[in-house]
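This chain uses plain numbering: 1 for the first residue, then up along the sequence. Everything numeric here is computed off the predicted structure, so don't read it as measured data.
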Amino acid sequence: MARHFAEQKSAGRLLQSVILAGAPSLAEGVLEACQLGPLKLHLHENALPDFDDAVALVQTARAQGRSVAVHCVTEVELVFTAALLEVAGSRRGDRIEHASVVPEVLIPRLRHLQLDLCVQPHFITERGDSYLANMPPARCRTCTVCAA
């Protein structure tokens, strides 16, 4: 897929700037027409990666001069990510993608790590009923949708 985008860019058929985010292997074959973006880590609460393996993955990203983008939709995934970046080290440009559940108590920790949080506002429409049914009201107190 990366090769396809690079070929389209080089041929002038793709006018947009292209930033490729993904696996460490992208760094081996990134083509001049595209910019190497963050290393992506997609977490699943029910099958988190081995912590030491995840630290090694972030260290690989750092060796490649890359930030990390962690797909993180649950509180457990968020705590795992914070611990991961505390051990492996965070850098500007690291981000949490989706940030669906962010307990207020974790905000200072995430701020200290200088993480960017990328939210998906449409999750309120898609999953708002589930959030209301499964989250204690005290956990949602800062959300104006829950307060309504």
(message) Over 60° means perpendicular and under 30° means parallel, so tell me whether H71 and H42 are parallel, tilted or perpendicular.
(response) tilted

Which atom pair, heavy atoms only, marks the closest approach of [X] to [Y]?
X: G37; Y: I19; answer: CA-CG2, 3.5 Å
X: D116; Y: G93; answer: OD2-CA, 4.3 Å
X: L26; Y: A21; answer: CD1-C, 3.6 Å
X: V68; Y: A61; answer: CG1-CB, 3.8 Å
X: A33; Y: A6; answer: CB-O, 3.7 Å
X: L15; Y: K9; answer: O-NZ, 3.4 Å

Flag side-chain contact, heavy atom, 4.5 Å: [X] against [Y]:
X: F80; Y: P49; result: yes
X: P24; Y: Q64; result: yes
X: E75; Y: P103; result: yes
X: T81; Y: L113; result: no

(message) If the condition is side chain to side chain donor-acceptor pair (under 3.5 Å), which residues does H44 pass it with, not counting sequence neighbours?
(response) none

(request) Give a yes or no on this: more than 12 heavy atoms of other residues, nucleotides or ligands lie within 6.0 Å of atom CZ of R13. (result) yes

(request) Could you please spell out the steps behind the side-chain contact (heavy atoms from CB on, under 4.5 Å) verdict for L115 and V70? (result) CA-CA 10 Å; L115 301 177; V70 184; over 6 Å; no

(message) Does anything in residues 76-94 form a salt bridge (Lys or Arg N to Asp or Glu O under 4.0 Å)? List the pairs, not counting sequence neighbours.
(response) R62-D94, E86-R109

Pairwise distance [atom1]([X]) to [atom2]([Y]) - rounded to 0.5 angstrom:
X: L36; Y: E28; atom1: CG; atom2: CD; result: 11.0 Å
X: R3; Y: S10; atom1: CZ; atom2: OG; result: 12.5 Å
X: L57; Y: D50; atom1: CG; atom2: CG; result: 11.5 Å

(message) Could you check whether any side-chain N or O of R95 sits under 3.5 Å from a backbone N or O of A69, counting only pairs where one atom can act as donor and the other as acceptor?
(response) no

(message) Before you tell me yes or no, could you show the steps for T74 and L43 under side-chain contact (heavy atoms from CB on, under 4.5 Å), namely the whole-Å CA-CA distance, both residues' side-chain angles and the distance that decides it to 0.1 Å?
(response) CA-CA 9 Å; T74 71; L43 296 180; over 6 Å; no

